Structure formats: structure tokens, C-alpha cells
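Below you'll find the structure, written out as C-alpha cells, and then a few comments.
Computed from heavy atoms alone, side chains included, the values below leave out hydrogens, waters and symmetry copies. In what follows, every chain begins at residue 1, and chains take the letters A, B, ... in the order their sequences are listed. Just so you know, these numbers come straight off a predicted model, no measurement behind them.
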Number of protein chains: 2
Amino acid sequence: MTWETYLLEHQSQHQDELLQFLSIPSISSLPAHAADVQRAAQWVADRLTSAGLEHVKVLATGGHPVVYGEWLHAPEKPTVLIYGHFDTQPVDPLELWTHPPFTPTIIEDRVYARGASDDKGNMFTPILGVEALLKTEGTLPVNVKFFLEGQEEIGSPQLPAFIAQHRDLLACDLVLSSDGGQYSEDQPSLMLSAKGLAAVQIDVRGPKGDLHSGMYGGAVPNPIHALVALLASLRSPEGKILVEGFYDSVLPLSEADRAAIAAVPFDSHEYQERIGVNALLAEPGYTSQEHLAARPTLEINGIWGGFQGEGVKTVLPAEAHAKITCRLVVDQNPATIVELIARHIEKHTPPGVQAAVHPLPGTAQPYLIPADHWGNRAAADVLEELYGKAPYHERTGGSIPVCELFLTQLGAYTVGFAFGLEDEQIHAPNEFFRLSSFRRGPVAYCKMLHRLAQR
Amino acid sequence: MTWETYLLEHQSQHQDELLQFLSIPSISSLPAHAADVQRAAQWVADRLTSAGLEHVKVLATGGHPVVYGEWLHAPEKPTVLIYGHFDTQPVDPLELWTHPPFTPTIIEDRVYARGASDDKGNMFTPILGVEALLKTEGTLPVNVKFFLEGQEEIGSPQLPAFIAQHRDLLACDLVLSSDGGQYSEDQPSLMLSAKGLAAVQIDVRGPKGDLHSGMYGGAVPNPIHALVALLASLRSPEGKILVEGFYDSVLPLSEADRAAIAAVPFDSHEYQERIGVNALLAEPGYTSQEHLAARPTLEINGIWGGFQGEGVKTVLPAEAHAKITCRLVVDQNPATIVELIARHIEKHTPPGVQAAVHPLPGTAQPYLIPADHWGNRAAADVLEELYGKAPYHERTGGSIPVCELFLTQLGAYTVGFAFGLEDEQIHAPNEFFRLSSFRRGPVAYCKMLHRLAQR
């Protein structure tokens, strides 16, 4: 029997198993569901074992557990670490769900449940692919390690330490991430980069206490005026960052990069309509798409100072504050960026006030996998075979810390290899996963593991 | 008997009466004390009657009452309206008072009580002066009207309508205000001007809802960035206002004005030390003193938008807001200033956001009495006689709406003629009034009324 036939013959069983998996309310952010996360871990471990993986174990992290399993009988072949997560987001507002979030319901070839797309449905597919290969071919074309976690939805707090402590166990040549998706139902895509994150708070202090703005205004420096001048000095109206040295480590975009970005359809009219704005920014010399995808950004996330109530209060306040995050691209370093911002603020602080820049937690390193990396090339071949189209090369403005973690700790790049789609309501009520994607996933993984063996 | 002797002989009686007056808790802001404000009004009315004033009445305003009394038997002589107030600020924090605020206590020639300096102690002195003249000379050198109110500490909400409705009753040639003070114990001063007030809120709106700053930052205009750019465009770092037309109606300072302002001692080192700043602003071409006293100002009183909590939230917010007040000088008009700011904001709003300017309540017209006005000249003569020094010409950065009200409604300028001092803790715990000032006040009023008769 071929693996293709195996998958076809077991479709209904696999779908039943998916419903079972989705019925475990493994919400990682709610302490009351800690046992459910543990139960989901055990379900995954049992399923790895029945799929034919070896040395399967549920490992403690100090927080929610991880599940590990391996098959390492392909000497001379690459070792592939398959990543995913079995925890879910919470479900509120519950009243907006058409069906109970942990009573998976199939309607028109879609399964509705919390975690269906993010990430249980996706995460299950490489397990089924590996099982199909082992049951039909008796072997795998490459060495495989599964590394599945239970704390992704709360930012994986224990993961960096866990990976650092288990480098040998997790050693690999490539990571395939089952957490993510494709551009659309009939257009594949590969994620090339995620941005890093640097976050600061700026605190401006002036007089000892709040003053009467009539009696003192005009002579006493007002911290809000100082703050707005400082903030206005950080960025041009178009979004170019004016902090000295900010772009020094930014890898330039090649013509090929720019062509790849331009190849991803971007309907700016539809985009503006959806968001409710009548213009977009773009750093001079770049398109809005390039700015979003591959250029660093600086955004004020919050600002406050003085009187915020109804009516008038004639106060010249003693202090004013702002929070800023920068999204960074390779090879910018968050700590360096914080330092540069601090230097800029120090240099531009007007007389009569003190301005302090405090780093905030939540730093992330930028991540970029070369478009022609062997893992990407293999994925592109498989996706083209499945979809009949070459994948777009996408770049996200968000941060995916785990990719950079695998690169730094294990020396391995991560290729996103998952089949979620943007409309599947992840983190929202009525999350669903297309069963067509659930059937496509194992096939894609079988082809991918074979393709990677050709390296 | 001369009025001087009369005052000396009745000193102890007048002091006892002051303590009685101060023991009435006439707090205008607290509804529970409304009857006390009424009681204070009746006390004042009775005292005007016993002083020899005629047609004394407590008049309803719709809020706290006013007290009126007159003596109009000096044909061909000017009519002087004497203004003051018998309501007080609240007393909290009560625990910081050394003596109960409505149990007046005399220590070392000072009387400690809420309202002692602001304004009961001051307000009582012209009554005693008028009484001394009537009891000893049987007549007054000018026509006198008392107009004493019970709602000054809450912004005199019913006063504009009351004055408009009683223009004939209140008609006069000059107002003397018993609410205010002198530069120091041995240096007199005259208040020449008070600033006007224009207040606006600026609301900037961008996308329909809050967005993820990583996914959208760089392409979607951020309302906080737009707001800080708009606010930074309003004013130079030194405090020069950059709104087109803002200074168009500002009466220029003459060399004499500037000399008068410079004549008021200003120790910028001590000033900075007290306030806790290490530099002062000054509009280019003006000193900090001139800026404070006689030039318009624009101050951001409050700002808010996006995330203000602990840590990081990567939000690109849908809106951002600021509150601004401008202090205006003669002949600026608050409504025109609001219009100019709205036009400036409209012109400078960057693409992709909407900015709206809303006027806020609390408007005040600027006030300026010519330094050589006959009322000022008379007051200067009297003060020089009492102190042995010519008075400083002061200008406040605050607003005194009642002066502009009397000017507009009655066509009469107001001369501040009161004896409070800056250290007397008005609006604060342990307010006090110097009994030396309480003795000086009636003498000053007797001399002043005689001096005004020479016009």
C-alpha cells in the first residue's frame, strides 16, 4: 500500500481523532485549564507513539509541558525537527460562538472549534504524514524529531530555557513549523521573515509638582510639550525613522527581494477600506508593502500626561509619558536600538526637563531565512506540485520569537509548513479549519520529507 | 473725631466682628453649606446697614446670593462700586490645619481661619472705612455701592447674568476690588492686567479600531504620531506660538510697559529652585517675566491615547487626544483664537487621519487697565503715601473674569485695592490674614475715597 492510499483509507478515522483532540479545552492562559493542557500533551504523546515514533515523552518545563518523539534511523540523511503547539487561546466572548468551542462541529467540510486552525488541526497533520510513511514504507526518508509545546499562546515563557537545556535532544538540520498557513486556498506561500521587537518607555519630568498653567505657562517648561517635540523628532511623517544609526545594521533589500514582495497581491484600496483610513504611509524610497514587510518601523503605542477628564483643567503637569515599540529587521539588534533611542532622546531633550528612556520587556530578535535556503527550495517544490503554482515569498511585520530561538540555539532555520488560512478566525469566536487543508497536510508532509531526503 | 481716631478706637470691636464673620463656614462649593453662605450674606447685609449704607439687600441670583448696599449723596462726584466675596474655599485636607478652620485663632498678630485672607478679612475693610467716614464726617467723598458676592470660589456662575440684569443698580465709574493683595508687606503693587483664556480639545482619529502595531505599523497612519506632529507644530521650543494670525490682535508692549515689568523683582534662580526646574522658557525677543506677565501662551494641559498600562502592548491605536489652553492678552479674542487653532490643525493634519478641534468651556476675555487710568493714579498715590514707595505694576498670567465683566457690562475699569499677601495660604490649610493688613485696609479705603473725589 502506498502512503497515499493509507491516508485515503484512514481519512474518517483521522477526522474522528481530530474531533477528539479538539474536544480537550487546553487553554494555556487559564490556570483552571492546566490539567487540560497536560491531558492534551498526553493525547499527543500517545498519538506519536501509535504513529510509530520512538522515545516519546511528556517533558516538564516548569510551566505547561512539551511533547517529544523521534525516529532517527536514516543515517547520512538530514534531521528535521517538526514544531507545533497543542494549547489554545481562551474562548471569550463565548456568546458569539455558534457552537460550543470544545464541541467540535463539522459543517460543509469545515471543523469549527477553538484551536482547530491554531494549531491542533495543523499540528496533527505531520503526525499523520509520518505515520503513513512508517506504516507503508516501514521507514522515513529523513530523521524526524517532534517538538510540540503547550504554552505558545502565552508567549512560551519557559521555552528559551528549555531549548537551551535540551540542545542535544533537539539538535537538527531544519525546523518545519506546523504553526502558520498559506496565502489562500489556491495560492501557496512561504514565510521568509519576521520582525524583531524593541520596546521603550519615555518619561519626561519637569517641575516638582503640577503647576497652574496660567501663572507659570510661558516660563516653566511643560513636559508634554517636551515629550511631543521629542516624539516628533523620532520619525518623519512618512515613517522614516530619524534616530541616528537606526538603519546601520539593516540588510538592504535586493532587487529579487523587492520583486518577491511586489509579487504578493496588495490591493491598497481594499486594504484602506477594511482598516478605515484614506491614505497609507510609506518610507521614502519604498512601497507601503515593502515598509510593512521588510523595513523597520517605530510606533508610539501609548501616550499620557496631565489632565484627561471632562472639560478644562489649567494644569502645567509635572510629567508626561509615552510607550514605543520598534519592529526590527535583520540584522538589527533590539538592545542596540534601545541604546540609539536613548542617545537620541538625550541629545534632543530641551532645556528645563529630564527625559529618561527605559527598556520594556518583550524583546524579540528579527528573523530571516534566505529565500533560496535548501529547506525553502524543498518546500517551494512541494507546494508548487500541490497547488500548481509557485509560492509567494511573504514577510510578516509581526514577531515569531521561536524561529530566532531555533536559529540561535540549534543553528537551524525554520520553514513554515502549515495550511491555515487567514479567514479561519484564529483567536476569535467560531474558529474553524478546512478539512481540505486537514487532508492536504499529511500529503504535503510525506512529499516534503521525501523531498528533503534528496539534499 | 477724625476717621483715623474712630478706626483706632474701634479696633478691638472690629477684630471681634472679623472673628464672628470668619466663624461662618460659608463654603460655596459644598451644597451642605448653602445655608451658611446665606447666613454670611445676611451678616454682611446687617453690617453694611449698621455701617450706614442704604437700601441694603440680599439679592437672589439663582445660586448663592449677592449683597448690595449704597450711599449716593455726593452729586457731581464719581460713583465707586466696591467688589468682594464672602464665600470660601473648602477646608480639606482638614488634618493639616493647626486650628479648626472655622474657629478663628489669633497668633502673633495673625488671624488663622478659612477665608481670612481670601476674601473675608479683605472684604470687611472697605465696610469699616466707609463706616468711619460716615460716623465721623457724616458723609462720603464719593458715591459708593457695595457689590459683594457669595459664589466667587466656584467661578461665579450666576454673576454674568445677574450683572447684565442689574446694570442700572450697579452703574458706576470705577470698581474697587477688595479681592487680591499687595506685592509684599512693605512693597505695594497694582494689578494692571489679567489674561484671557481659550480652551480646545484636539481629537485625532485614524483606523476604525485599534490595530496590531507589528502587522500594520509603517503603512497605517498612527493617530498618536499625527497628534504629536500637530502639537509640535503649534509652538516653538522657546514658547513662540506658530499658529498663523495668533499675535495679530496683541497690543504691543511699550518701553514703559517693559520697564514696569522689569521693575518687579524676579529672582530666576530662586524661582527655578522653588519650582524644581533648571531652565526657563522665554519667547524670543522677550524676557521670561514679560512672557509670564504680558505675552500670550499656549500650554498642552493633557494628552492621552493608546496603551497606558504596565509593560508592552503592541497597539496602533484608533485615536489620540489632547487638551490645550491659551492665555490671551488684550486685544485677543478667545473665539478668534479657537478659530485660528482649528484652521492651523486643519492645514497641518497629515494624510490618513482626521483631526477635529472642539472648543471647551471656560473662556475668559483678557483684561488690561491703562497704567495711567485715573483710578490707578489715585490708588498709586494712596499706596505711596501708606508704604512710602511707589507701587509695582503687576500683570497676572491667570484670568480674573469679573474685571472684564465689569468693563463690558458697566463700562467701568476695576482697580485691585486689597491687602492680602502671597504667603497667606489661600485655598490651602492654615490660611491666615495679617491683622496689620486688617488695620491698614480701612485707612487705605478712607484715603482712597477722598483721593477719588478729587477727580
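Here A:H212 contributes atom NE2 and B:R327 contributes atom CZ; the two are 5.0 Å apart, rounded to the nearest 0.5 Å. Atom CG of B:L231 is separated from atom CD1 of A:I224 by 9.0 Å, given to the nearest 0.5 angstrom. The distance from atom OG of B:S236 to atom NE2 of A:H225, rounded to the nearest 0.5 Å, is 10.0 Å.
Of the atoms belonging to B:T396, it is side-chain heavy atoms, and not backbone ones, that fall under 4.5 Å from chain A. Contacts between B:R274 and chain A at a heavy-atom distance below 4.5 Å involve backbone atoms as well as side-chain atoms. Proximity to chain A is absent for every atom of B:L230, based on heavy atoms less than 4.5 angstrom apart. The contact between B:L298 and chain A is made by backbone and side chain atoms together, counting heavy-atom distances below 4.5 Å. The parts of B:P351 that come within reach of chain A are both its backbone and its side chain, each placing non-hydrogen atoms under 4.5 angstrom from that chain. For B:Y271, the part lying under 4.5 angstrom from a heavy atom of chain A is the side chain only.
Listed by first then second residue, pairs satisfying side-chain hydrogen bond (donor to acceptor under 3.5 Å, both in side chains) with a partner in residues 276-285 of chain B read B:E283-B:R295, not counting sequence neighbours.
The most heavy-atom pairs under 4.5 Å with chain A, out of B:V220, B:V228, B:L227, come from B:V228. Comparing B:G206, B:A229, B:P221, B:A226 by how many heavy-atom pairs each has under 4.5 Å with chain A, the most go to B:P221. Ranked by heavy-atom pairs shorter than 4.5 Å toward chain B, the options A:I300, A:L360, A:N222 are led by A:I300. Between chain A and the options B:V353, B:I241, B:I275, B:T297, the largest number of non-hydrogen pairs under 4.5 Å is found for B:I275. Contact tally against chain B (heavy-atom pairs below 4.5 Å) for A:G362, A:A194, A:G311, A:S399: the top residue is A:G311. Of the listed residues B:Q201, B:R235, B:M215, B:E238, the one with more heavy-atom pairs under 4.5 angstrom with chain A than any other is B:R235.
Of all residues in residues 312-322 of chain A, those placing a non-hydrogen atom less than 4.5 angstrom from a non-hydrogen atom of chain B are A:V312, A:K313, A:T314, A:V315, A:L316, A:P317. Contact annotation for residues 303-310 of chain A against chain B (heavy-atom separation below 4.5 Å, listed by residue number): A:I303, A:W304, A:G305, A:G306, A:F307, A:Q308, A:G309, A:E310.
Here the shortest heavy-atom pairing between B:S213 and A:N301 reads OG-ND2, 3.4 Å.
The main-chain N or O of B:A219 is never found under 3.5 Å from a side-chain atom of A:H291 such that the two would form a donor-acceptor pair.
Residues meeting the side chain to side chain contact (heavy atoms under 4.5 Å, CB included) test with A:T287, sequence neighbours left out: A:Q289, A:E290.
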